[in-house]
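To keep things clear, I will list the structure first and then write my remarks on it.
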Amino acid sequence: MLPQGDHNSLFINEIPKWGEPYPNILNRQSVLECLTDYLLQVNYRGYRPDPRKVLAVRQSDRTATLRNASAPIRQEVYYFIEGEIFPKEGTTRMKVGQSPSELAEELLVQHYERLYIWVAYDFTKGSPPGFRKPFDNPLIIKGSSCPNPEQVNRRQAPEGVNPRFFLPDPLAANIGDGGISPDVALDEIASFVTDLVKRDFRNALPEGDNPPIWDEPLIGIASATDPLFERFQDPEVVGPCHRFPEEWLPGARSVISVFLPFTGHISENYSRSQRYSAVEFSSGKWNGSKFLNVVRRALVRFAESHGASAVAPNIDPRYDSDGWLPFWSERHAALAAGLGTFGLHQNFISEKGAFGRLCSVVTTLNLKPTERRYTEVYGYCLYAFDGSCRACINRCPTGAITDAGKIPGRCETHGNKEHLKDWNYGSCGHCSTWIPCSRGIPAKIRKTL
Ligand code: B12
């Protein structure tokens with residue numbers, strides 16, 4: 001059961017279960033008042049929708065206020081009224097004889113559920129179990145039909161490397177484009193996301209002079225029918241709880257994966273010697289996670305504007321996990337989408353390194369898959385490449401990484417409790433900073449690509 005916490009409680013369950021009464025995660029009355037006010041303003045003597053206006057929701061009591069987009073403030077989230085809450089042009093135009101409060105109520109009936117889902121996810125620090133809304137269709141469990149990795153071995157396991165980290169990708173590096181003519185070119189998607197990253201005011205730290213959190217992104221595409229998604233269901237990969245693109249979205253044809261690297265400002269403030277993470281990083285991680293959701297939602301709208309549909313599994317009401325095994329893994333999806341490989345630290349290493357985060361959407365758009373330039377699951381990891389690197393092992397302050405792998409969870413609380421407690425941030429980023437794969441593919445490996 002959900003705790004029926006009062007509005008002022010900070011201990012509100014962020015992620016409700018489906019079908020239970022609306023939890024107190026978004027104050028409905030305040031949203032209604034904001035919308036009424038907005039409708040009054042933009043319908044005054046003619047209709048002039050205002051692209052600057054945002055609904056600002058604060059974390060403490062989940063009430064909304066109407067504001068102009070400006071620098072983000074700590075513990076708030078923002079949604080553009082035009083284009084984001086109401087993607088369809090003209091939705092906020094009042095009909096003859098209609099009062100602003102009538103239209104506001106009408107719109108809220110249609111959009112409140114979606115809004116409270118957004119708020120729940122945007123105020124959650126990680127990617128927790130989700131709403132547990134059941135999938136409509138019976139789950140598909142296929143498991144691997146990929147060739148046995150041992151049969152596709154392309155080179156011998158390097159000397160001194162734990163064989164666990166010498167894993168050939170069971171598929172050929174390039175799955176080919178199948179001669180498809182895509183609905184949208186990759187460049188168009190890339191400039192859409194890059195533009196968002198560059199221009200959206202939410203890509204900024206609330207602290208200091210509000211420097212940006214994320215740098216230019218990398219975008220990759222996987223085919224929704226790539227056999228790797230079957231392989232992900234194998235117990236040693238993710239497990240049968242990992243859902244197929246088709247289950248998230250019937251008719252799915254492609255998966256768009258985005259890697260967002262942290263900006264230089266964030267990495268420069270993370271010195272090599274500090275025991276705990278810098279406030280810039282912790283804030284960037286927490287506030288940057290909200291921005292990942294901005295990107296996810298924008299990509300869904302992008303697909304819809306091209307006459308297709310899309311779902312962002314990580315903020316979908318059906319998203320859940322079996323312990324730490326997610327119904328959709330951002331890193332595994334990124335590997336399928338040609339963006340990079342795993343590292344010994346279990347972070348994902350992209351062409352822009354491991355110091356960043358990932359998001360993805362599943363879409364019915366027919367897109368050209370990105371070529372995978374690697375043939376091994378740990379292809380961009382210098383340890384797995386030739387055993388010459390132990391940087392992340394040495395850097396982890398909790399001893400969570402050894403050459404037998406990473407003990408997930410050992411690092412999880414490092415710095416979360418005492419360090420940066422007043423900021424309500426916390427978290428550790430040692431295993432993705434000051435190592436050869438932090439900001440790119442290690443040079444020795446790059447030469448071989
Ligand atoms: C659960 C979770 C955690 C848990 C457990 C982590 C874990 N390893 O499972 C905890 C709370 C500890 C955690 C911590 C952190 N997390 Co976390 N976490 C997740 C979450 C929700 C799911 C992770 C997952 O898929 N686990 C499943 C298991 C199976 O994954 P795995 O063991 O690593 O998988 C291995 C096997 O598949 C194996 N393998 C064996 N055979 C084969 C064969 C094939 C073909 C393949 C492909 C693989 C394979 O290779 C993999 C790597 O070793 C994702 C979000 C999401 N939905 O994807 C974020 C996510 C992974 N976390 C992320 C981050 C950044 C972190 C932190 C660094 C946070 C921080 N402090 O900044 C820390 C430390 C991460 C670490 N190095 O362990 C990012 C990773 C970004 C990146 N560059 O990699 C993600 C993707 C969130 C995001 N949206 O960006 N996390």
Side-chain angles (χ1 to χ4, degrees), residues 124-130 144 146-147 149 152 164-171 218 226-239 241-242 257-262 266 270 276-277 281-282 284-286 288-289 291-293 295-296 312-316 319-336 339-350 352-360 372 374-379 381 384 392 396 398 400-401 405-416 425-433 437-438:
T124 306
K125 288 188 179 176
S127 294
S144 181
C146 295
V152 286
R164 189 180 152 197
F165 296 100
F166 181 73
L167 266 184
D169 181 332
L171 296 173
L218 295 171
D226 193 311
L228 266 184
F229 290 105
E230 292 168 25
R231 177 81 174 119
F232 296 164
Q233 284 201 336
D234 289 344
E236 72 276 20
V237 185
V238 180
C241 66
H242 199 267
S257 174
V258 180
F259 178 85
L260 285 163
F262 282 109
I266 302 218
Y270 205 125
Y276 294 112
S277 71
F281 166 75
S282 280
K285 189 207 153 194
W286 166 216
S289 295
F291 190 74
L292 290 183
N293 293 343
V295 176
R296 290 178 174 118
N314 271 232
I315 50 168
D316 187 273
Y319 180 79
D320 204 342
S321 67
D322 180 359
W324 278 340
L325 306 177
F327 282 18
W328 182 259
S329 163
E330 297 288 17
R331 289 168 307 153
H332 290 78
L335 181 134
L339 283 182
T341 79
F342 288 95
L344 176 63
H345 40 42
Q346 282 188 0
N347 293 321
F348 185 82
I349 308 172
S350 73
K352 294 198 177 190
F355 194 43
R357 298 207 122 206
L358 290 157
C359 60
S360 60
R372 291 199 281 271
Y374 33 86
T375 52
E376 290 161 22
V377 172
Y378 295 90
C381 173
C392 60
C396 176
T398 69
I401 311 172
K406 171 148 191 181
I407 306 159
R410 177 176 276 198
C411 60
E412 197 196 355
T413 53
H414 177 73
N416 286 2
Y425 291 153
S427 86
C428 179
H430 277 40
C431 66
S432 51
T433 47
C437 59
S438 293

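When a ligand or atom number is given, it counts from 1 through the structure's own listing order. Computed from a predicted model, the values in this text were never measured in an experiment.
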V238 N/O under 3.5 Å from ligand 1 N/O: no
Distance flag, aromatic centroids of H332 and F229, threshold under 6.0 Å: no
Atom indices of ligand 1, in the order listed, that fall short of 4.0 Å to a heavy atom of H345: 76 (C), 77 (N)
Part of F165 with heavy atoms under 4.0 Å of ligand 1, whether side chain, backbone, both or neither: neither
Numbered atoms and elements of ligand 1 in range of N314, under 4.0 angstrom, heavy atoms: 56 (C), 57 (N)
Side chains of Y270 and S277 in contact at under 4.5 Å (non-hydrogen atoms): yes
Note, R231 side chain near V377 side chain (heavy atom, < 4.5 Å): no
F348, portion touching ligand 1 at heavy-atom distance under 4.0 Å: both
Rounded distance [0.5 Å steps], CG in L260 versus CZ in R357: 10.5 Å
Nearest neighbour of atom 27 (C) of ligand 1 from the list C437, P326, A400, S329, on a heavy-atom basis: P326
Proximal atoms of ligand 1 relative to C428 (non-hydrogen, under 4.0 Å): 70 (C), 71 (N), 72 (O)
Residue selection (non-hydrogen contact nearest atom 45 (C) of ligand 1) among T341, L325, L339, V377: V377
C359 heavy atom under 4.0 Å from ligand 1: no
Side-chain donor or acceptor of Y378 paired with backbone N/O of L344 under 3.5 Å: no
Within-4.5 Å side-chain heavy-atom neighbours: S257 and F259: no
Those atoms of ligand 1 less than 4.0 Å from some heavy atom in F281: 72 (O)
Region of I349 engaging ligand 1 - heavy atom pairs below 4.0 Å: neither
Heavy-atom proximity to atom 25 (O) of ligand 1, best of R331, R357, R296: R331
Part of L292 with heavy atoms under 4.0 Å of ligand 1, whether side chain, backbone, both or neither: side chain
Heavy atom of Y319, distance to ligand 1 below 4.0 Å: yes
Residue portion contacting ligand 1 (non-hydrogen atoms closer than 4.0 Å) for W328: backbone
Euclidean distance, I266 CD1 relative to K285 NZ, rounded to 0.5 Å: 12.5 Å
Test of proximity, A354 against ligand 1: N or O pairs below 3.5 Å: yes
Side chain to side chain, H345 and S432, heavy atoms closer than 4.5 Å: no
Distance (rounded to the nearest 0.5 Å) between T341 OG1 and N347 CG: 11.0 Å
Atoms in ligand 1 flagged as close to Y378, the criterion being non-hydrogen separation under 4.0 Å: 38 (C), 50 (O), 51 (C), 52 (C), 53 (O)
Residue selection (non-hydrogen contact nearest atom 58 (O) of ligand 1) among K406, H242, H430, E330: E330
Residue portion contacting ligand 1 (non-hydrogen atoms closer than 4.0 Å) for F262: neither
Nearest-0.5 Å distance that lies between atom CG in L335 and atom CG in D226: 9.5 Å
Ligand 1 N/O within reach of R231 N/O, cut-off under 3.5 Å: no
Closest to atom 7 (C) of ligand 1 among R410, Q346, K352 (heavy-atom distance): Q346
Geometric class of the H242/W328 ring pair [parallel <30°, tilted 30-60°, perpendicular >60°]: parallel
Polar contact flag for F232 and ligand 1 (N/O pairs, less than 3.5 Å): no
Which atom of A334 lies closest to which atom of F348, heavy atoms considered: CB-CZ, 3.5 Å
Euclidean distance, F165 CZ relative to E376 CD, rounded to 0.5 Å: 13.5 Å
